Amino acid sequence: MTHHAKEIKDNFGELEGREVNIAGRAMQMRQMGGITFIDIQDKSGKIQSLIRNNELDERSLLVLTNSSIGDNLGVRGIVMKSKRGEISVGAREITMLSKTLRTLPNKWQGLTDTEARYRYRHLDLMMNQEVLKTFEIRSKFMRHVRDTLDSRGAIEVETPILQDVYGGAKAKPFKTTYHTLDDKQMFLRISDELYLKRLIIGGAERVYEVSKDFRNEDADTTHNPEFTQIEYYEAYSDYETFMGMMEEMMRSFALNTFGTLKIEYQGEIVDFTPPFARMYWVDELRRIIGVDISSLSDEEAAKINDSEQLGLKHPDPYHVADTLFDKYLKGKTMQPTFVLDFPAYMCPLTKIKRGNPLRAERFELYVGRMEVANSYSELTDPVYQRKMFEDQERERKKGDEEAPPFDEEFLDAMEYGMPPTAGIGISIDRPTMVFSNQTSIKEVILFPPMKSLPPDGS
RNA sequence: GGGCCCGUAGCUCAGUUCGGUAGAGCAUCUGGCUUUUAACCAGGUGGUCGUGGGUUCGAUUCCCACUGGGCCCGCCA
C-alpha cells in the first residue's frame with residue numbers, strides 16, 4: 001500500500017497518471033458488464049477504483065468475479081478521473097486480501113441500532129467512519145494531558161489496580177478474590193490517589209498515572225462503571241497552580257486540535273478562552289436559598305432534605321450539599337467553570353483553606369455541565385488525616401456504603417512527613433464527549449459494558 | 001431501583017388496529033449491460049416474527065413472565 005484514499009484525493013494534481021497501491025474494504029460495487037466501479041474504504045475515507053476487464057490480467061479477473069462488498073481488496077493502478085469527474089484508481093491488478101464470510105449492513109442506512117453499534121464495534125467502525133474520529137480525539141486528548149505533565153518534569157507510574165484497601169474516593173468497589181493468597185478479598189481500585197501520595201512522600205515530587213478506575217455503580221449517560229482519569233501530584237504546589245495549568249491545557253488542546261477556542265457542544269458554543277469562570281459555590285448557594293452549607297449538622301441536613309425536597313435516603317451533610325449543587329448550580333456550568341471552595345467536611349483528603357477552617361482548598365472544573373477535573377491542595381497532616389478516616393469509619397457504620405475503609409498503611413506513610421502537594425484528577429471520558437460533541441459516555445468508550453446475551457441468542 | 005418506549009431476513013423498516021402460520025429496499029446468488037456513484041433490467045435464495053408460558057380450532061398479532069436495548073428520573077466523576 002502506497003497511498004491512503006484521502007492522500008490521493010488531496011494531491012490529485014501531483015499524482016494524476018502515476019501508479020499507486022491502495023488497500024481497504026470494498027464498500028460499494030457497481031458492475032456494468034465489462035467495467036466495474038468499487039469504492040475502497042481505508043481509515044482516511046473512500047476512493048473509487050475503476051476496473052476495466054480488458055485491462056486486467058487473468059488472476060485479477062478471477063479475483064474480481066469472486067469479490068463482493070465487504071472484502072478487503074488491494075488495487076494497483078493509475079490515478080485518474082472517470083468520465084463523470086470522480087477521482088479514481090484505474091486498476092491494473094486486484095488482490096484479494098481477505099474475504100468476508102458475512103454480509104455488511106446496507107449501504108445507505110448503515111448500522112444505526114445503538115445496541116448493535118456497541119456490541120459489534122467493528123461493524124460500527126466500518127459503517128460509521130466518524131466514530132473513529134471520536135476515538136482519535138480521545139487519543140489526542142490523552143496524549144495532550146501526558147505532554148502537559150511531562151513538560152512539567154513528571155514521571156508516569158503504574159500502581160496496583162488490585163488493592164487490599166481501596167480509597168481515595170467515595171464509591172462502592174468491585175470485589176474480587178485472589179486464590180493464591182488463601183482466597184484473600186481484594187478490590188478493584190476506585191482511585192489511585194493514596195498510592196501516588198506515597199510516592200510523593202518518598203520524594204518523587206511529580207508523578208502521574210493514567211488510571212482506569214472501577215466503581216460499582218449504575219451506568220448512565222455520564223457515568224460508566226470503569227472510567228479513565230489521569231491523576232497527577234505535584235509537591236510544593238497548591239490547587240491555584242492547577243487552575244492555571246488546566247486553563248492552559250484546555251486552551252491549547254482546543255486550539256491545536258480544532259484551530260479555535262470556541263467549540264460547539266449540543267448547540268451551544270463552549271469558549272475555552274482563559275480565564276475560566278470561578279464559582280464560589282457555597283456563597284452562591286447561600287445567595288440562592290439562604291442556607292450556609294459550610295457547616296451543617298446531621299439534623300440541619302435532614303431538615304434541608306425535606307424543605308428542598310431532595311428525597312435523599314441518607315440525608316447527611318455531604319449528600320445534601322452535593323445534591324443542592326446539582327439542583328441549583330450544575331446547570332450553569334456549560335462554559336469552563338472552576339467550582340471553588342468546598343465545605344471541609346466534603347473533603348477528607350484535602351487541606352483546610354488558609355484563613356477559613358470551614359472550607360477546603362479544592363476546585364472542580366466543569367465543562368458542558370459535567371465535572372471534568374477535581375483538584376485540591378492535599379491534606380498532609382497525619383493527625384488530622386487520622387481524624388478524617390475515623391469520621392468516615394463512623395459514616396460507614398451508619399450505612400454509607402460509599403465511605404472508604406480506614407487505611408492504616410497510608411497513614412503510616414504520611415506520618416513520615418508529606419510535603420505540601422497539589423493533586424488533580426483529570427477525566428478523559430467527559431472532555432472527549434465535549435470535544436466530539438457526544439451526549440453519551442458510551443460514544444467515547446469503544447466497548448461499553450453490555451449485559452450478556454443468553455446462549456440461545458434470544 | 002422507578003417510569004415510558006422498543007426487539008420481525010445480514011442491515012434499514014412495513015405488517016399487529018379488528019388473531020387465519022410473513023412483506024419491501026439494500027446485501028447475497030444467476031443472467032444482461034465497457035464511465036457508474038443509492039447505477040439499471042430480469043429471476044432466485046434467505047425468517048423457530050427476542051425467549052418461555054397462557055387464552056384459542058388457530059398467536060408475529062391478545063394476556064402473563066422473563067430477557068436484551070434506548071430515553072427520562074433517583075445515586076456516584
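Naming convention: chains lettered A, B, ... in sequence-line order (proteins, then strands); numbering from 1 in each chain. Computed from a predicted structure; not experimentally measured.
Checking B/rC26, B/rG69, B/rU35 against every side-chain atom of A/Trp108, the shortest atom distance belongs to B/rC26. When each of B/rU36, B/rG69, B/rU35 is scored by its nearest atom to the side-chain atoms of A/Arg119, the top-ranked nucleotide is B/rG69. Picking from B/rU35, B/rC75, B/rU12 the nucleotide with the shortest atom distance to the side chain of A/His319 gives B/rC75. Nearest nucleotide to the side chain of A/Thr221, out of B/rC71, B/rC75, B/rU35: B/rC71. Among B/rC11, B/rU35, B/rU37, the nucleotide with an atom closest to any side-chain atom of A/Gln48 is B/rU37. With B/rU36, B/rG25, B/rG69 as the choices, the nucleotide that has an atom nearest any side-chain atom of A/Arg84 turns out to be B/rU36. Residue A/Lys107 places its side chain closer to B/rC26 than to any other of B/rU34, B/rC26, B/rC76.
Comparing B/rA14 with B/rG50, their P atoms are spaced 14 Å from each other, to the whole Å. Between the C1' atoms of B/rU51 and B/rC13, the separation comes to 23 Å (whole Å). Atom name P, nucleotides B/rA27 and B/rA38: the rounded distance is 13 Å, in whole Å. Nucleotides B/rG25 and B/rC41 place their P atoms 10 Å apart, quoted to the nearest Å. Comparing B/rG53 with B/rU48, their C1' atoms sit 16 Å apart, to the nearest whole Å. With both ends at atom P, the span from B/rU16 to B/rU55 equals 26 Å, rounded to whole Å. Taking atom C1' on both nucleotides, B/rG3 is separated from B/rG74 by 11 Å, rounded to a whole Å. Atom name C1', nucleotides B/rC49 and B/rU61: the rounded distance is 10 Å, in whole Å.
Within 4.0 Å (heavy atoms only), A/Met450 reaches sugar-phosphate atoms of the nucleic acid but no base atom. As judged by a 4.0 angstrom heavy-atom cut-off over every strand, A/Asn54 is placed among the base-contacting residues. Note on A/Gln31: a base of the nucleic acid sits closer than 4.0 angstrom, heavy atoms only. The residue A/Glu86 sits close to a base: some heavy atom pair falls under 4.0 Å. Within the nucleic acid shown, A/Tyr318 comes within 4.0 Å of sugar-phosphate atoms alone, with no base atom in reach, counting heavy atoms only. Counting non-hydrogen atoms under 4.0 angstrom, A/Asp322 reaches the backbone sugars and phosphates but no base. At the heavy-atom level, A/Arg215 lies under 4.0 Å from base atoms of the strands shown. As judged by a 4.0 angstrom heavy-atom cut-off over every strand, A/Lys442 is placed among residues touching the sugar-phosphate backbone only. The residue A/Ile69 sits close only to the backbone: its heavy atoms come under 4.0 Å of sugar-phosphate atoms, none of a base. Nucleic acid contact for A/Gly110: sugar-phosphate only, since backbone atoms but no base atoms lie under 4.0 Å from a heavy atom of the residue.
Each of A/Lys133, A/Arg117, A/Arg138 was compared with A/Glu443 under the salt bridge (charged side-chain N to carboxylate O under 4.0 Å, His left out) criterion, and only A/Arg117 meets it.
Counting only N and O atoms by type, the side chains of A/Asp238 and A/Ser377 include no donor and acceptor under 3.5 Å apart. Side-chain contact check for A/Ser191 and A/Glu231: at least one donor-acceptor pair (N or O, by modelled atom type) lies under 3.5 Å. With hydrogens and angles left out, the side-chain atoms of A/His319 and A/Asp322 include no donor and acceptor closer than 3.5 Å.
Between atom CZ of residue A/Phe325 and atom OH of residue A/Tyr366 there is a gap of 4.0 Å, rounded to the nearest 0.5 Å.
In this structure, B/rU21 makes no Watson-Crick or G-U wobble pair, since no nucleotide meets both defining distances under 3.5 angstrom. Using the Watson-Crick or G-U wobble rule with both distances under 3.5 Å, B/rC62 pairs with B/rG54. In this structure, B/rU30 and B/rA42 make a Watson-Crick or G-U wobble pair, each of the two defining distances being under 3.5 angstrom.
Counting to the nearest Å, the P atom of B/rA9 and the CD atom of A/Gln109 are 14 Å from each other. Between A/Ile441 atom CD1 and B/rC76 atom P the separation is 16 Å, expressed in whole Å. For the pair A/Arg52 CZ and B/rU34 C1', the computed distance is 8 Å after rounding to whole Å. Remark: C1' of B/rU12 and CG of A/Asn128 are 13 Å apart, rounded to the nearest angstrom. B/rG10 atom P lies 15 Å from atom NE2 of A/His122, rounded to whole Å. As rounded to whole Å, 16 Å separates atom C1' of B/rU12 from atom CD of A/Glu115. One can place CZ of A/Phe227 at 9 Å from C1' of B/rC76, the figure rounded to the nearest angstrom.
Between A/Leu365 and A/Pro336 the shortest heavy-atom distance is CD1-C, 4.3 Å. Minimum interatomic distance between A/Gly167 and A/Ile190 (heavy atoms only, all atoms of both residues): O-CG1, 3.6 Å. What you find for A/Phe406 and A/Val165 is that their closest heavy atoms are O-CG1, 3.8 Å.
Within the 4.5 Å cutoff, the side chain of A/Arg25 has heavy atoms near those of the A/Leu104 side chain.
A donor-acceptor contact under 3.5 angstrom links the side-chain atoms of A/Asp220 to the base of B/rC76. Between the side chain of A/Arg30 and the base of B/rU35 there is no donor-acceptor pair of N/O atoms closer than 3.5 Å. Interface remark: the A/Thr112 side chain does not form any donor-acceptor pair with the B/rU12 base, using a distance-only criterion of under 3.5 Å. A donor N or O paired with an acceptor N or O is not found under 3.5 Å between the base of B/rU12 and the side-chain atoms of A/Asp113.
Applying the 5.5 angstrom centroid cut-off and the 30 degree plane-angle cut-off, the aromatic ring of A/His223 is stacked upon the base of B/rC76.
Of the two residues contacting RNA chain B, namely A/Phe37 and A/Ser68, the nearest-nucleotide position lying further toward the 5' end is that of A/Ser68.
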